[in-house]
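Inspection log for the structure reproduced underneath, given as structure tokens.
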4 protein chains.
Amino acid sequence: MKAREQILVAADRLFGEQGFDAATTREIAEVSGVNKALIHYHFKSKDALFEAVLDGYYQRLNLVLSKALASPGAPRQRLTKLVDAYVDFLSQNRNFSKIVQRESSNGPRVDRISGHLEPMFKMGADLIQAAYPKTKGGATEAHHLMVSFYGIIVTYFTYSGVLENLVGKDPLSKKELASRKKHLHWMLGLILDAVENGDPALARARVKKSKT
Amino acid sequence: MKAREQILVAADRLFGEQGFDAATTREIAEVSGVNKALIHYHFKSKDALFEAVLDGYYQRLNLVLSKALASPGAPRQRLTKLVDAYVDFLSQNRNFSKIVQRESSNGPRVDRISGHLEPMFKMGADLIQAAYPKTKGGATEAHHLMVSFYGIIVTYFTYSGVLENLVGKDPLSKKELASRKKHLHWMLGLILDAVENGDPALARARVKKSKT
Amino acid sequence: MKAREQILVAADRLFGEQGFDAATTREIAEVSGVNKALIHYHFKSKDALFEAVLDGYYQRLNLVLSKALASPGAPRQRLTKLVDAYVDFLSQNRNFSKIVQRESSNGPRVDRISGHLEPMFKMGADLIQAAYPKTKGGATEAHHLMVSFYGIIVTYFTYSGVLENLVGKDPLSKKELASRKKHLHWMLGLILDAVENGDPALARARVKKSKT
Amino acid sequence: MKAREQILVAADRLFGEQGFDAATTREIAEVSGVNKALIHYHFKSKDALFEAVLDGYYQRLNLVLSKALASPGAPRQRLTKLVDAYVDFLSQNRNFSKIVQRESSNGPRVDRISGHLEPMFKMGADLIQAAYPKTKGGATEAHHLMVSFYGIIVTYFTYSGVLENLVGKDPLSKKELASRKKHLHWMLGLILDAVENGDPALARARVKKSKT
DNA sequence: TATGAATGAGAGTTCATTCAT
DNA sequence: CATGAATGAACTCTCATTCAT
């Protein structure tokens, strides 16, 4: 039972670092310290191995997110917990966002990712829709909010390599991650405030007025 | 000179559709209608061909963004134009975001992407910093704002495949793109309002008070 | 003891259907419902398994042919019985002729087939030689007669696939097999008549004269 | 243009000696003195290479047989020429009968062989039918005669390995081939005499009577 | 007897690249 | 500029076989 997991660990790493195509079964075998043929004994094909890695991720992610959503409290609090849970998951599974980013853009594996992402997206959009019925239609349409916040969360991780050179420190260090979380909370608050106030233009007007 | 461009067009398409690794020189040659060896005559290697494609994109993108930024008006207006220009560019160059998404996650081509993205990120962050000096430090740190808005913009395009199944219509149709632009304007207004008010917690408090 | 026989049955079928090389131990194990490693427990190797299958066939075939030959009566009658017995055996063991045909053409298993076929051929040739001493030398040399009649018998079975498309009915149905047997009797009669008359040219001349 | 033919020659030899499955592309490349990848440059796959070899054979064989059939003279003479031409072809293309024998028994390549053999069989049967209308029905049905004579011809070649040990000399030497040809002529004469006399039982009766 | 796991060897195939013309 | 031919390297995958249990 040990070899199978070693293969999964190695595949996770190499798929994340190099992408599905560039990662070779030979190297996966080397890293996991098993015979090349054993990969095909435990997994029918390289594709099947990829699916196993991905399915494992989404299974764990769904668990984590469900738990966050099921927590008691107001929608705003639960959404905050959801965001935190997502960020924590990404920071603890650094290959995951790389894999998703790569393979979700196009190509033969996009469907497998879609199959996992769509329910998540739908759940998120439905949640927003239910909690903030006023978002119906227009610029605050639930799926727009959903995509935007998803983008805000994951982009920080997928572009952490670019950021590193930009800000001169490891963007995934504990300190920086805490800073990012604060930013996300601020963004979430901003958006929820706005949608709670219904018409966003109106909300903005109010904000401006209150400044005077 | 015609062959060279045909190769670039074909490479652009196939790199976008399949990714660098999965796209083969044979298919690029087939699609562009030239001999396989001719690719290596015009471009030293497959890597060099990729760079040519990418450099072409960023050259055009920089042109477009510079023009938007150089327009007269208040920072808010210029930023709005910047966003619009970016969205227009992505909607007119659909392979571009796929390519960037894939190759920026990791691997041997990430540096080449970073080399282009970093100046852009830095420019954006500096711009925000200059226009809104209060963002210094904390949750509204310029680079956080920069990454977040970048994510909001590009995620819609890179996940358009997932969205298609979710919302049941082509997310890249003219109508849906217009809707997305409205959403982006709303988001931008939201954020700029907040940073203009300095301390975000304060800003939120003001908003809440104004509701009563 | 049951597993061993199940393996033999499956191997017989797959060797017949696909040939020795294309048949895999994995599939043999699957078809026989046993573990792959068990094949190597009961049979030292895939080659040994093939030999076991083949030896079983020739053991049964020799039994059948010996019984036919040992029957009382004139050589012509005994030869007829021999032919019938052979045809019956082939029609009841359809994989057999496929296996022999494939593996007797060449390659590493031809010797194993030769080892069984040679005694049979020799026996057949000696029988003809003894019964019809005039066949010595020339066109009616015993081994020529032997090979020819062997070819007449087995070719119908080995090419039954081709024939099916040709005559539009199953060449191995009861009815067609009966028809084939009649043909074989006719051919046998023809040949034996001729060799009994010694010089074949003479025999033919006689036939022609009798027509007038 | 030379490499392609060298590959074909090597493939012919190895397919004949070892069979399709046992022959490897590596060895074919070695024997033909070309790079392994070149085989896939000239032929799409190992299967396609096999087809090229086979198609070449049947193309040449059809040419040879057509010429023999088109010669002037009575049916008996033309049939004799046909048999001679077939035997000559087999003796000059020793791998051919091995390949046909192996791959026509069963498996994925049987259809490709059938596609070539069926027209030949049909042509032969039609020829017999036309020349000897009395063969209609019963033991002398044209396709029975066709299969039998086909078997008589090819079996000598496909079982030449077995025969060698039996008769103690090379069955494919010039001398032995001449002997075989005489035998085939004798057999052909025998059969044609019989079918010319209509009912075979009658014919045999006549022969017997004439002996007294 | 029986089996899940493991392995070395090698299969066919594809790749980016080079070269002679 | 352009191309058909050629190549070394590496790919995924399957094979018969072995071994510990």
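Numbered from 1 within each chain, the chains take letters A, B, ... in sequence-line order.
- With sequence neighbours left out, the side-chain hydrogen bond (donor to acceptor under 3.5 Å, both in side chains) criterion links C/His40 to no other residue.
- Here F/dG4 is the nucleotide among F/dG4, F/dT7, F/dC1 with the atom lying nearest to any side-chain atom of D/Tyr41.
- The distance from atom CZ of A/Phe43 to atom C1' of E/dA6 is 15 Å, rounded to the nearest whole Å.
- Every residue two or more places apart in sequence or in another chain was checked for a side-chain hydrogen bond (donor to acceptor under 3.5 Å, both in side chains) with A/Tyr58, and none qualifies.
- Between the C1' atom of F/dC13 and the CG atom of A/Leu38 lies a distance of 14 Å, rounded to the nearest Å.
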- prompt: How is the base pairing of DNA chain F summarised as a dot-bracket string, given the Watson-Crick and G-U wobble criteria with both distances under 3.5 Å, [ ] for crossing and | for another strand?
  reply: .||||||||||||||||||||

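- Under a 3.5 Å cut-off, the side chain of B/Arg102 and the backbone N or O of A/Asn106 do form a donor-acceptor pair.
- Listed by chain and number, the residues in a ring pair (Phe, Tyr, Trp, His ring centres under 6.0 Å) with C/Phe50 are C/Phe15, C/Phe20 (sequence neighbours excluded).
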Polar atoms only, N or O, under 3.5 Å: list the protein pairs with nucleotides 16-19 of chain F and their distances.
from   : atom 1 : to      : atom 2 : distance (Å)
F/dA16 : OP1    : C/Ala23 : O      : 3.4
F/dA16 : OP1    : C/Lys46 : NZ     : 2.9
F/dA16 : OP2    : C/Thr25 : N      : 3.0
F/dA16 : OP2    : C/Thr25 : OG1    : 2.9
F/dT17 : OP2    : C/His40 : NE2    : 2.8
F/dT17 : OP2    : C/Lys46 : N      : 2.8
F/dT17 : O5'    : C/His40 : NE2    : 3.3
F/dT17 : O4     : C/Lys36 : NZ     : 3.0

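- Taking A/Glu30 as the reference, A/Arg26 meet the salt bridge (charged side-chain N to carboxylate O under 4.0 Å, His left out) condition, with sequence neighbours excluded.
- Scored by the ring pair (Phe, Tyr, Trp, His ring centres under 6.0 Å) test, A/Tyr159 finds B/Tyr150 as partners (sequence neighbours excluded).
- Partners of B/Val9 by side-chain contact (heavy atoms from CB on, under 4.5 Å), not counting sequence neighbours: none found.
- Under the salt bridge (charged side-chain N to carboxylate O under 4.0 Å, His left out) criterion, B/Asp21 pairs with B/Arg109, sequence neighbours left out.
- Distance, A/Ile28 CD1 to F/dA10 C1': 15 Å, rounded to whole Å.
- One atom, NZ of A/Lys2, and another, C1' of F/dA20, lie 16 Å apart when rounded to the nearest Å.
- Taking atom CZ of residue B/Phe50 and atom P of nucleotide E/dA16, one finds them 14 Å apart after rounding to whole Å.
- Annotation for C/Lys98 and C/Gly16: closest pair CB-O, 3.6 Å, computed over non-hydrogen atoms.
- Atom pair A/Ile39:CD1 and E/dG8:C1' shows a separation of 15 Å (rounding to whole Å applied).
- One can place CZ of D/Arg4 at 15 Å from C1' of F/dA6, the figure rounded to the nearest angstrom.
- For C/Glu5 and E/dT1, the CD to C1' distance is 15 Å, given to the nearest whole Å.
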